[in-house]
Amino acid sequence: MTPPVLLLVFNRPAVVRQLLSALRGQRPRRVYVSADGPRAGHSDDGARCALVLEEVQRGIDWPCEVQTLSRATNVGLQQAVVSGIDWFFSHESAGVILEDDCVPASDFLRFAGEMLERYADVPEVMHVSGLTMRTPRSGVPSNAASYHFAQAGHVWGWATWRRAWQRFDPTFAAWPSVRSAYRRDPSALRRALGAKFSSASAGRKWTWSRAWYWSMLQHRALSVIPAVNMIRNIGDGADATHQHGARHPLRMAHAGALTWPLVHPSPMATDPRYDAMLATYHRGSVRRRLSDAWWTLREAMA
């Protein structure tokens, strides 16, 4: 069964058009559209947001139930994502989440649907990624299985369950009591993400994705990572929120298709080589590491 899909959109009709073109071949039967509204002080936002909704109306031309949450004013990226997912899971028990610039490969919904069904009643699995960092250049060899597990997933094209999203903790309330344990943790990934949690808790950079990583790590969750990359990000450009022409290390072309039936990994355990690669990614540049270290110290002394 093709799972229901949540589309998180704003004011970019061109990327939405490409996303819908990719979905047309996969024909999800239920699509939810969460649209942020125009920003104050941006005179062209009203027309652009309206064009996005027109693209959705015109582009979903297959038999499909469509529900739309359209905001009259702008709530901002972070609140738009969280409230959109909350709304989605008020209707569905599981599904796929796609921001407007994340274009899925032709078999991603099939893969996500099989994972959502297989692990529906396995509470330690909280996340299904469409993206992988494992490429021929990564130096991390592939496994024979169709996917593997990691301590944290990627949020460019992903899927989850209502029962997992109910664990989402945007407050970082428990952080002061566990921060010293994160700093001493033998896992390089937990230490790297701990620096992000510290700065988010201190108010420097709260993002919904950091809060989601925090929620997963606090529950020692597993994330499904496919053996091939299944998401192409097309959001780079002047109208992007975060990427403005820079080459992002995760912005990769489709690497190929999975072979069916899927080969499932055994046992259900994280791949330490992949977690180490994730740790390097999340540590980021020297400048960002120094900034995170400063905010970690400031937050600890508060």
Side-chain angles (χ1 to χ4, degrees), residues 8 10 34 36 39-42 74-86 97 99-102 126-127 129 131 133 150-158 160 165 167-183 185 187-219 221 223 233 235-251 275 277-302:
L8 299 167
F10 175 36
S34 175
D36 203 0
R39 297 164 293 182
H42 291 73
N74 188 267
V75 300
L77 172 63
Q78 308 306 331
Q79 186 180 342
V81 171
V82 174
S83 62
I85 298 174
D86 286 343
I97 299 162
E99 293 184 69
D100 56 8
D101 55 5
C102 296
M126 288 178 61
H127 184 103
S129 288
L131 192 75
M133 295 177 66
Q151 292 185 66
H154 306 285
V155 294
W156 281 357
W158 57 293
T160 191
W165 187 249
R167 293 175 166 182
F168 178 69
D169 174 21
T171 68
F172 292 88
W175 175 249
S177 66
V178 300
R179 62 188 173 198
S180 59
Y182 270 78
R183 292 171 192 154
D185 200 289
S187 166
L189 178 57
R190 289 180 72 85
R191 294 196 303 273
L193 283 171
K196 291 186 171 183
F197 301 157
S198 188
S199 62
S201 177
R204 170 181 173 258
K205 187 177 181 181
W206 185 95
T207 66
W208 74 269
S209 56
R210 288 187 178 195
W212 181 232
Y213 297 147
W214 157 254
S215 306
M216 286 190 283
L217 264 65
Q218 276 297 93
H219 289 280
S223 295
N233 189 291
D236 204 6
D239 59 352
T241 301
H242 295 300
Q243 299 300 317
H244 303 282
R247 181 176 176 80
H248 195 286
L250 295 185
R251 185 167 282 111
D275 280 352
M277 186 162 54
L278 275 176
T280 299
Y281 168 70
H282 283 292
R283 279 196 297 266
S285 65
V286 172
R287 179 179 179 181
R288 192 175 79 183
R289 292 200 299 270
L290 289 173
S291 177
D292 282 342
W294 160 248
W295 281 91
T296 298
L297 178 62
R298 177 174 173 174
E299 184 260 346
M301 295 174 66

Can you tell me how the ring of Y213 sits relative to the ring of H282, calling it parallel under 30°, perpendicular over 60° and tilted otherwise? perpendicular
Are any side-chain N or O atoms of T160 and backbone N or O atoms of M126, one a donor and one an acceptor, separated by less than 3.5 Å? yes
Looking at every non-hydrogen atom in both residues, tell me the closest pair between V155 and S209 and how far apart they are. CG2-CB, 4.2 Å
With rounding to the nearest 0.5 angstrom, report the NZ to CD distance, K205 to Q78. 9.0 Å
Residue pair K196 / T207, side-chain heavy-atom distance below 4.5 Å: no
Any side-chain heavy atom of W208 within less than 4.5 Å of one from P170? no
Set of residues satisfying side chain to side chain contact (heavy atoms under 4.5 Å, CB included) with respect to S215, sequence neighbours excluded: F168, D169, W212
Under 3.5 Å, is there a donor on one side chain and an acceptor on the other for S199 and R210? yes
What are the two closest non-hydrogen atoms of A192 and A279, and how far apart are they? CB-O, 3.8 Å
Mind checking the CG-CH2 spacing from L131 to W158? Nearest 0.5 Å is all I need. 13.5 Å
Rounded to the nearest 0.5 Å, what separates atom NE2 in H154 from atom OG in S223? 8.5 Å
How many angstroms lie between atom OH of Y281 and atom CG of L193, to the nearest 0.5 angstrom? 10.5 Å
Does any non-hydrogen side-chain atom of F10 lie less than 4.5 Å from one of N74? yes
Just by distance, do the side chain of D36 and the backbone of V75 share a donor-acceptor pair under 3.5 Å? yes
Please answer whether the main-chain N or O of D185 pairs with a side-chain N or O of R191 as donor and acceptor at a distance below 3.5 Å. yes
So which heavy atom on S34 is nearest to which on A80, and how close? OG-O, 4.1 Å
Does the R167 side chain pair with the main chain of M216, one donor and one acceptor, at a distance under 3.5 Å? no
Check whether the side chains of D86 and W165 place a donor and an acceptor atom closer than 3.5 Å, and report yes or no. yes
Would you please name every residue forming a side chain to side chain contact (heavy atoms under 4.5 Å, CB included) with S177, sequence neighbours left out? A174
Would you check if the side chain of D275 reaches a backbone N or O of Q151 as a donor-acceptor pair within less than 3.5 Å? yes
Indicate the ring-plane relationship of F172 and F197, choosing parallel, tilted or perpendicular according to the 30° and 60° boundaries. tilted
Do I85 and I97 come within less than 4.5 Å of each other through their side chains, counting heavy atoms only? yes
Side chain proximity check, W206 to T171, heavy atoms < 4.5 angstrom: no
Residues L278 and A150: closest non-hydrogen pair is CD1-CB, 4.1 Å
Under 3.5 Å side-chain donor-acceptor pair for T280 and R283: yes
